[in-house]
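Here is the structure we will look at.
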Amino acid sequence: MSKNTPKAIRGTQDIFGADAEDFAFVVETFERVRRLFRFRRIEMPVFEKTEVFARSLGETTDVVSKEMYSFEDRGGDSLTLRPEFTAGIARAFLTNGWQQHAPLKVATHGPLFRYERPQKGRYRQFHQIDAEIIGAAEPQADVELLCMADQLLKELGIKGVTLHLNTLGDGSSREAWRAALVDYFSAVKGDLSEDSQERLEKNPLRILDSKDRRDKPFLADAPKIDDFLSDEARAFFKAVTDGLDAAGVKWKRAEALVRGLDYYRHTAFEFIPDEGSAAADALGSQSTILGGGRYDGLMESLGGPATPAVGWAAGIERLAMLVGEREEAGPAIAIVPEVDDDFGLATLLSAALRRQALNTEVFATGSARKRFGKAMKALPAVFIIINRQKVVNSEYFEILTKPNDRRGALHEVLRDEILDGIRTVFTERLKVSSMNMPYGSIIQLKPEEVLVLTK
RNA sequence: GCGAUCGUAGCUCAGUUGGUUAGAGCGCCGGCUUGUGGUGCCGGAGGUCGGGGGUUCGAGACCCCUCGAUCGCCCCA
């Protein structure tokens with residue numbers, strides 16, 4: 001590589017091969033589960049006016065104050081690449097009059113941008129799947145959303161992950177709790193870590209999940225949200241947990257679980273790998289794989305009517321790390337024309353087979369030997385080798401259908417389907433009633449038959 | 001924004017206390033062998049050792065800066 005070749009931007013990734021398969025598997029599974037739960041697909045712009053994020057997330061949050069990709073466009077407007085989905089969806093809900101569809105269940109996925117230090121499972125351009133229920137104040141909405149998340153993780157085959165659940169109460173409960181925490185921690189401020197002293201000013205709730213040893217002694221006796229919950233908030237949370245129990249979704253109360261962004265109320269949750277699990281190992285310090293909560297305050301911060309809503313998002317890269325290696329599957333059929341003159345016949349066959357919904361790849365570069373070697377490496381279920389033979393004065397073609405023994409067991413079931421497909425192509429084209437074609441059979445075609453085939 | 005480790009061919013890595021034309025395996029290209037084929041053998045292309053500066057008779061190795069990667073902290077999915 002020349003030193004003049006531009007490099008990828010820090011924190012971005014080019015995804016290829018097995019990793020790309022993992023990524024696609026996550027997205028495809030999400031799409032399937034989304035339909036099962038009847039969430040409607042939406043597409044959102046990748047950038048918005050900066051104020052969309054500044055007003056909804058809160059000016060003082062780290063995301064807004066130092067992690068946004070903001071720029072001025074040619075018209076002088078301040079725009080920002082979306083650092084999350086929720087704010088943009090809320091904006092769309094308000095500007096498009098989607099109130100008429102409320103309660104509205106929507107889902108989307110795509111890239112997000114945050115100027116952060118890259119590390120394991122964390123990038124500057126990263127990707128999330130996202131689900132939201134807007135305009136539903138009932139705890140049933142929280143339950144349905146969590147059921148969907150739970151089923152998604154199960155269908156992805158991710159094990160050793162637990163739903164950690166908490167309530168932040170309604171607006172007034174949350175404020176009372178926050179004030180009590182500030183009082184409590186201010187009294188011992190000098191003994192707290194520097195980080196937590198700062199959090200005391202900016203985000204006191206966050207002190208609760210501090211990892212610093214100096215903070216730990218004070219955490220157990222800190223004020224609990226449960227002592228500040230209004231009767232309504234308590235009833236709401238109970239309805240959520242009862243619903244989860246009814247649906248068979250396992251959960252664990254996590255009193256220290258809070259949300260960083262200002263707009264959250266009531267339910268807050270994260271799916272976190274169990275300690276010592278393979279999932280925890282694979283993720284390093286990026287422990288949360290799916291997180292969200294209720295954000296009843298958001299719409300008002302954007303100047304809209306009070307609108308209750310609840311949602312979650314999950315990092316696709318993180319999920320992809322947990323779904324296990326998905327190899328790129330080999331082709332069903334590999335076609336190897338031994339000489340270039342037979343490339344036309346190979347093209348004809350591949351086109352016909354693809355129309356039969358059989359994925360097919362043609363190997364036609366290098367010597368016959370190399371062609372076969374490359375076809376081997378692609379691990380097809382079946383080979384079709386086109387071999388031109390000369391016998392005395394006439395020329396004929398041999399078409400050899402050969403199952404791949406190397407991965408025989410894997411393709412056992414597939415083979416019959418594949419050979420059926422090949423048989424169909426030949427019998428239809430040659431207008432013969434049937435064609436015997438067991439594994440390893442050789443079909444000899446005269447030039448005039450090839451002519452019929454290629455017509 | 002802070003800290004630690006690292007950066008040699010397309011990939012995975014060797015490269016001894018600084019000492020001649022920087023190596024291997026895999027991959028790629030070509031040839032031979034074999035001849036219903038996945039093997040073996042031979043050959044070839046491909047590196048200003050991330051970039052810049054410095055120390056030295058001499059730097060891939062040492063020092064500084066910078067860029068990037070990885071893993072933590074903060075924050076967060």
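All chains are named by letter (A, B, ...) in the order of the sequence lines, taking the proteins before the strands, and each is independently numbered beginning at 1. Note that the structure is a prediction, hence the values are computed from the model and not measured.
- Across B:C29, B:G37, B:G72, the shortest atom-to-atom separation from the side chain of A:Glu338 is found for B:G37.
- Comparing B:C11 with B:C28, their C1' atoms sit 12 Å apart, to the nearest whole Å.
- Rounded to whole Å, atom C1' of B:G35 lies 13 Å from atom CD1 of A:Ile385.
- On the C1' atoms, B:G40 is 49 Å away from B:C57, given to the nearest whole Å.
- Taking side-chain N and O atoms only, A:Arg114 has no distance below 4.0 Å to OP1 or OP2 of B:C74.
- Comparing B:C29, B:G37, B:A77 against the side chain of A:Lys374 picks out B:C29 as the nearest.
- Of the candidate nucleotides B:C76, B:C74, B:G37, B:G37 has the atom nearest to the side chain of A:Ala368.
- At the heavy-atom level, A:Tyr123 lies under 4.0 Å from base atoms of the strands shown.
- The base of B:C75 is paired with the side chain of A:Arg122 by a donor and an acceptor separated by under 3.5 Å.
- Using N1 to N3 plus N6-O4 or O6-N4 for Watson-Crick, or N1-O2 and O6-N3 for G-U wobble, each under 3.5 Å, B:C29 pairs with B:G43.
- Aromatic ring pairs are classed by plane angle as parallel below 30°, tilted from 30° to 60° and perpendicular above 60°; the pair A:Tyr295 and A:Tyr264 is perpendicular.
- Within the nucleic acid shown, A:Glu84 has no heavy atom closer than 4.0 Å to any nucleic acid atom.
- An OP1 or OP2 oxygen of B:G68 is reached within less than 4.0 angstrom by a side-chain nitrogen or oxygen of A:Arg10.
- Between atom CD of residue A:Glu198 and atom CD1 of residue A:Ile207 there is a gap of 11.0 Å, rounded to the nearest 0.5 Å.
- Using a cut-off of 4.0 Å between Lys/Arg side-chain N and Asp/Glu carboxylate O, A:Glu116 and A:Lys66 are scored as not salt-bridged.
- A straight line from CG of A:Asp195 to P of B:C75 spans 6 Å, rounded to a whole angstrom.
- Scanning both residues, A:Val258 and A:Glu270, for their nearest heavy atoms gives O-OE2, 4.2 Å.
- Spacing between atom CG of A:Leu152 and atom C1' of B:A77 amounts to 13 Å, rounded to whole angstrom units.
- Spacing of C1' atoms, B:A4 relative to B:G47, comes out at 29 Å, to the nearest Å.
- Base pairing analysis places B:A14 opposite nothing; no Watson-Crick or G-U wobble pair with both distances below 3.5 Å involves it.
- Using the Watson-Crick or G-U wobble rule with both distances under 3.5 Å, B:U56 pairs with nothing in any strand shown.
- In this structure, A:Asp212 places its CG atom 11 Å from P of B:C75, rounding to the nearest Å.
- In this structure, A:Ile9 atom CD1 and B:C67 atom P are separated by 15 Å, rounded to whole Å.
- Using a 4.0 Å cut-off between charged side-chain N and carboxylate O, A:Arg114 and A:Glu84 make no salt bridge.
- Distances were taken from every side-chain heavy atom of A:Arg117 (C-beta onward) to each of B:U70, B:C76, B:G37; the shortest belongs to B:U70.
- Between the side chain of A:Glu67 and the base of B:G1, no donor-acceptor pair of N or O atoms lies under 3.5 Å.
- Of all non-hydrogen atoms in A:Ser277 and A:Gly160, the two that sit nearest each other are OG-O, 3.7 Å.
- Of all nucleotides listed (B:C29, B:C75, B:C71), B:C75 comes nearest to the side chain of A:Arg199.
- Spacing between B:G44 and B:A24 at atom P, rounded to whole Å, works out to 11 Å.
- Comparing B:C67 with B:U56, their P atoms sit 27 Å apart, to the nearest whole Å.
- With salt bridges taken as basic N to acidic carboxylate O contacts below 4.0 Å, none links A:Arg34 and A:Asp130.
- For A:Pro118, counting side-chain heavy atoms from C-beta on, the closest listed nucleotide (B:C74, B:G30, B:U70) is B:U70.
- The shortest heavy-atom contact between A:Arg124 and A:Tyr69 is CD-OH, 3.3 Å.
- One atom, CZ of A:Arg82, and another, P of B:C76, lie 20 Å apart when rounded to the nearest Å.
- Neither OP1 nor OP2 of B:C74 sits under 4.0 Å from any side-chain N or O of A:Lys66.
- Annotation: B:U34 and B:U70 have their P atoms spaced 50 Å apart (nearest Å).
- Nearer to the 5' terminus of RNA chain B, by closest-nucleotide assignment, is the contact made by A:Lys211 (compared with the other of A:Lys211 and A:Gly291).
- For the P atom pair drawn from B:G18 and B:C42, the interatomic distance equals 37 Å after rounding to whole Å.
- Under the Watson-Crick or G-U wobble criterion, with both distances below 3.5 Å, B:C73 is paired with B:G1.
- Rounded to the nearest Å, the gap between the P atom of B:U16 and that of B:U20 is 11 Å.
- Partner assigned to B:U34 is none, using Watson-Crick or G-U wobble distances below 3.5 angstrom.
- B:A22 makes up no base pair with any nucleotide shown, lacking Watson-Crick or G-U wobble contacts both under 3.5 Å.
- OP1 or OP2 of B:G72 has at least one side-chain nitrogen or oxygen of A:Gln119 nearer than 4.0 Å.
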